[in-house]
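Residue numbers start from 1 in every chain, and the chains themselves are labelled A, B, ... in the order their sequence lines are given, proteins ahead of strands. The figures here come from the full heavy-atom set of this structure, side chains too, leaving out hydrogens, waters and symmetry mates.
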Amino acid sequence: MSSNTTTYNRIYEIVRQIPQGFVATYGQVAELSNLAGKARVVGYALYRVDMQNSDIPWQRVVNAKGEISLSPLRFGTDYLQRSLLENEGISFNDAGKIDLRKYLWHPNKSQIFD
DNA sequence: AAAGTGACTGTTA
DNA sequence: TTAACAGCCACTT
């Protein structure tokens, strides 16, 4: 257990609150987790998630351009992410992008539970 | 213990 | 529209 476990738990609590059919950006999750400007840390936190067995809707976090962030280190979970989102009713354009104006989560900060 | 790396992002050109 | 770049920080070597 590292001293940053609570930091990651804070991130996971935010991600859990993204509603089905919507997405949030890494930067947005960072901000809501009191980690403004530290979007990369959110990437690390999600990288650590067990994609098979977790109750965290990790697929609902995309980058600021509305794209899925691809990496060979993800061993295919990046492509899995797209199909999971499509199953939630989110569509991708020809460039592989999500329309954030349509699907971005707009939480009421006073309702965020952490 | 210093240096490299990455599921990031806003600015700049 | 894109791409390079500089901050960013936890983690690994």
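- Relative to the side chain of A/Arg40, the nucleotides B/dT9, C/dC8, B/dA7 differ in distance, and C/dC8 lies closest.
- Listed pair A/Arg48 / C/dC11 meets the phosphate criterion, a side-chain N or O lying under 4.0 Å from OP1 or OP2.
- For A/Lys65 and C/dT2, the NZ to P distance is 9 Å, given to the nearest whole Å.
- Atom CG in A/Asp50 sits about 16 Å away from atom C1' in B/dA7, given to the nearest Å.
- In terms of polar N and O atoms assigned as donor or acceptor, the side chain of A/Tyr44 comes within less than 3.5 Å of the base of B/dT5 in a complementary pairing.
- Look at CH2 on A/Trp58: it is 10 Å from C1' on B/dA7, rounded to the nearest Å.
- For the pair A/Asn63 CG and C/dC8 P, the computed distance is 21 Å after rounding to whole Å.
- Side-chain atoms of A/Tyr12 and A/Ser54 include no donor-acceptor pair closer than 3.5 Å.
- Taking atom CZ of A/Arg10 as the reference point, atom P of C/dC9 lies 13 Å away to the nearest angstrom.
- No contact: A/Thr77 has no heavy atom under 4.0 Å from any strand.
- Ion pairing between a basic and an acidic side chain is recognised when a charged N comes within 4.0 Å of a carboxylate O; A/Glu13 and A/Arg16 show such pairing.
- Both A/Tyr103 and A/Leu100 are assigned to one and the same hydrophobic cluster, defined by single-linkage of ILVMFWY side chains at heavy-atom distances under 4.5 Å.
- With a 6.0 Å radius and a threshold of 12 heavy atoms from other residues, nucleotides or ligands, A/Asn108 has its CG atom above the threshold.
- Here B/dA7 is the nucleotide among C/dC9, B/dA7, B/dT9 with the atom lying nearest to any side-chain atom of A/Tyr47.
- Side-chain contact between A/Met51 and A/Arg74 is absent, with no heavy-atom pair separated by less than 4.5 Å.
- Backbone-only engagement by A/Leu73 is indicated by non-hydrogen atom pairs under 4.0 Å involving sugar-phosphate atoms exclusively.
- Whole-Å rounding puts the A/Leu35 CG to B/dA7 C1' distance at 16 Å.
- What separates CG of A/Leu46 from C1' of C/dC9 is a distance of 15 Å, to the nearest Å.
- Out of B/dG6, B/dT9, C/dC9, the shortest distance to the side chain of A/Val41 is found at C/dC9.
- For the pair A/Lys38 and C/dC8, the criterion of a side-chain N or O lying under 4.0 Å from OP1 or OP2 is not met.
- Atom CG of A/Leu70 and atom P of B/dC8 are 10 Å apart (whole Å).
- Using a 4.0 Å cut-off, some side-chain N or O of A/Tyr8 falls inside it from OP1 or OP2 of C/dC11.
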